[in-house]
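Keep in mind it's a predicted model, so treat the numbers as computed, not measured.
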Amino acid sequence: LARLDALLTQLEDFVDDALALYGEFMEVVSFAANIKSRLLGSFGALFGCFEQVRSLFDLDKNKYPISNTVSSTDFKVKSLNSARHLAAMLETGLSQIINRRDLTTRAKFDEMLRTLKQIKQIPSDLVTGKNIKSASQQAIMKSLPSTLTNTDMHAVSLFMRLVSAGVLLKSATELIEDDALLPQDVDYITTKVRSEILENLALLRQQIAVEQQGVNSAGKPNTGLYTTAHRTMEQLKQHAHQFTQLAINAINRKPPLTIRAAPMSGTVQQIAHAFYSDYKRADELLRLNPQVRYPNYIEQGEVLNSYVR
């Protein structure tokens, strides 16, 4: 329990770390040689992603506002404030999925993955115009401060990925504590979360490599960017390790799995009573045996997965 609380507390602070990293990227933009075009491009990318995320989760425009105008004097302030709102929208929208009562634990996680896929697609869609079909989406495209390029999207895309990964990790940490979750489901969730973190680490390294080619006005590398990026990568690795340990503990708390033959023909409730002396564990048996098509009649001798106790 202490490990669980510690990880959840650390993940609460991860958004601030992602914001700090985004701020360092915006510092690079502020000192770029072609400052005007990079400034408009970077803020246009942030604005477009902001509007698309707000539309995706159907959030209140008054609660999450953003201006489509920016100048060199207020660029950094507006960018960070808007990025903070963007992070809040991602947290709010993804948390809504976890709080749904019409979905099973596994279904909640799969729905989060589906939504994350949509979020990842937003930056490239804004550049290419692909999947921009509704009137509201087209209006967003027309209101962008500039025509967007893939380079413009790098920083905000990475920021959204990091924030989303933090929310996914936090949600998964809470989900694997569900006693009704099967060992294979815990393993599935763990594998998907670790894969997402590895993708983010690769993306972060790639973006830093690109930025290493740029220097500030004094001709020196932005050491603040590299330091913040390194700290973020180390935190992701640490969080992944902590989550994996929690997942292993969650699996080890469950009884070992075994295979048994149904001792009689009957309903899944009768089989559960025969296995465990508890008919209420029928739902558990069904989760362990998705191949069972007719729970009202299980034939004697049919091989079923079950816990040893």
Side-chain angles (χ1 to χ4, degrees), residues 4-5 7-8 11-12 15 51-64 86-122 125 131 133-134 136-137 160-161 163-197 243 246-247 250-251 253-254 257 267-269 271-272 276 278-298 304-307:
L4 173 66
D5 291 339
L7 178 56
L8 290 175
L11 290 171
E12 290 288 348
V15 172
E51 290 278 9
Q52 291 284 48
V53 169
R54 190 173 61 189
S55 175
L56 175 64
F57 294 120
D58 194 24
L59 298 173
D60 187 358
K61 289 185 177 182
N62 294 321
K63 185 175 181 179
Y64 301 105
L86 176 57
M89 289 193 297
L90 289 168
E91 288 185 284
T92 299
L94 291 170
S95 296
Q96 289 174 350
I97 299 172
I98 296 301
N99 294 329
R100 287 178 58 177
R101 296 187 177 183
D102 60 323
L103 298 176
T104 63
T105 300
R106 170 69 179 266
K108 289 178 182 179
F109 183 76
D110 284 338
E111 181 65 15
M112 280 197 77
L113 292 180
R114 187 191 67 79
T115 306
L116 281 178
K117 186 176 181 180
Q118 290 181 285
I119 293 170
K120 293 176 187 179
Q121 193 62 36
I122 287 174
D125 284 352
N131 297 323
K133 299 176 181 178
S134 69
S136 61
Q137 290 176 321
M160 290 199 301
R161 291 284 294 270
V163 172
S164 298
V167 178
L168 178 68
L169 187 50
K170 180 183 176 183
S171 300
T173 301
E174 296 171 343
L175 290 177
I176 62 173
E177 292 300 306
D178 184 354
D179 290 334
L181 209 59
L182 302 177
Q184 57 264 41
D185 290 330
V186 176
D187 182 65
Y188 167 80
I189 290 173
T190 304
T191 301
K192 291 294 185 181
V193 168
R194 288 181 63 85
S195 176
E196 185 66 27
I197 291 176
F243 174 73
L246 288 172
I251 292 174
R253 286 198 305 269
K254 300 180 184 297
L257 285 169
T267 67
V268 68
Q269 288 83 4
I271 303 300
Y276 307 119
D278 184 0
Y279 74 91
K280 294 180 181 178
R281 295 178 66 177
D283 288 341
E284 174 189 287
L285 265 185
L286 287 176
R287 289 196 299 272
L288 286 170
N289 297 277
Q291 78 279 5
V292 173
R293 299 180 60 188
Y294 303 106
N296 289 330
Y297 182 77
I298 296 175
L304 300 171
N305 299 313
S306 65
Y307 290 122

#### Entry: Exercise: identify the closest heavy-atom pair between Leu175 and Leu181
O-CD2, 3.7 Å
### Task
Determine, stepwise, if the pair Lys280 / Asp278 fulfils salt bridge (Lys or Arg N to Asp or Glu O under 4.0 Å).
CA-CA 5 Å; Lys280 294 180 181 178; Asp278 184 0; 5.9 Å; no
### Task
Considering non-hydrogen atoms only, spot the tightest contact between Pro183 and Leu257 and give its length.
CG-CD1, 4.3 Å
### Query
Any salt bridge between Glu284 and Arg287, counting N to O under 4.0 Å?
no
### Message
Between Ile189 and Phe243, is there a side-chain heavy-atom distance shorter than 4.5 Å?
### Response
yes
#### Entry: Thr115 vs Glu111 side-chain heavy atoms within contact, under 4.5 Å
yes
### Query
Counting distance only, does the side-chain N/O of Asn305 pair as donor-acceptor with the main-chain N or O of Asn289 below 3.5 Å?
no
### Message
For a quick test of reading the model, state the closest non-hydrogen atom pair linking Gly166 to Leu11 and the distance between them.
### Response
O-CD2, 4.4 Å
### Message
Once rounded to the nearest 0.5 Å, what's the spacing between atom OH of Tyr279 and atom CG of Leu285?
### Response
14.5 Å
#### Entry: 4.5 Å side-chain heavy-atom contact, Thr267 and Tyr297
no
### Query
Does the Ser195 side chain pair with the main chain of Thr191, one donor and one acceptor, at a distance under 3.5 Å?
no
### Query
Taking the six-membered ring of Tyr276, is NZ or CZ of Arg281 closer than 6.0 Å to its centre and within 45° of its axis?
yes
### Query
Got Leu113 and Leu168 here, is their nearest side-chain heavy-atom distance under 4.5 Å?
yes
### Task
Verify, without hydrogens or angle tests, whether Lys108 (side chain) and Arg100 (backbone) share a donor-acceptor contact under 3.5 angstrom.
yes
### Query
Does any non-hydrogen side-chain atom of Leu304 lie less than 4.5 Å from one of Leu288?
no
### Message
Measuring only between side-chain heavy atoms, which start at C-beta, is Val292 closer than 4.5 Å to Val268?
### Response
no
#### Entry: Value rounded to 0.5 Å, distance of OG in Ser164 from CG in Leu116
5.5 Å
## Note on the structure
What one should report as the nearest heavy-atom pair of Ala87 and Val15 is CB-CG1, 3.7 Å
### Spatial distance of atom CG (Leu86) from atom CD (Glu91) [nearest 0.5 Å]
10.5 Å
### Message
Quick check: do Asp185 and Phe109 have side-chain heavy atoms less than 4.5 Å from each other?
### Response
no
### Task
Any chance you could lay out the side chain to side chain contact (heavy atoms under 4.5 Å, CB included) test for Lys120 and Glu196, step after step, and finish with the verdict?
CA-CA 11 Å; Lys120 293 176 187 179; Glu196 185 66 27; 2.8 Å; yes
### Message
Are there over 12 heavy-atom neighbours, none belonging to Tyr64, within less than 6.0 Å of that residue's OH?
### Response
yes
### Steps toward side chain to side chain donor-acceptor pair (under 3.5 Å) verdict (Arg114, Gln118)
CA-CA 7 Å; Arg114 187 191 67 79; Gln118 290 181 285; 3.2 Å; yes
### Task
Evaluate whether atom NZ of Lys192 has more than 12 neighbouring non-hydrogen atoms of other residues, nucleotides or ligands under 6.0 angstrom away.
no
### Task
Could you walk me through whether Met89 and Lys63 pass side chain to side chain contact (heavy atoms under 4.5 Å, CB included), step by step?
CA-CA 10 Å; Met89 289 193 297; Lys63 185 175 181 179; over 6 Å; no
### Query
Any side-chain heavy-atom pair from Gln184 and Ile251 closer than 4.5 angstrom?
no
### Query
How far apart are the closest heavy atoms of Val186 and Lys254, and which atoms are they?
CG2-CE, 4.3 Å
### Query
What is the minimum heavy-atom distance between Met112 and Leu94, and which atoms define it?
CE-CB, 3.9 Å
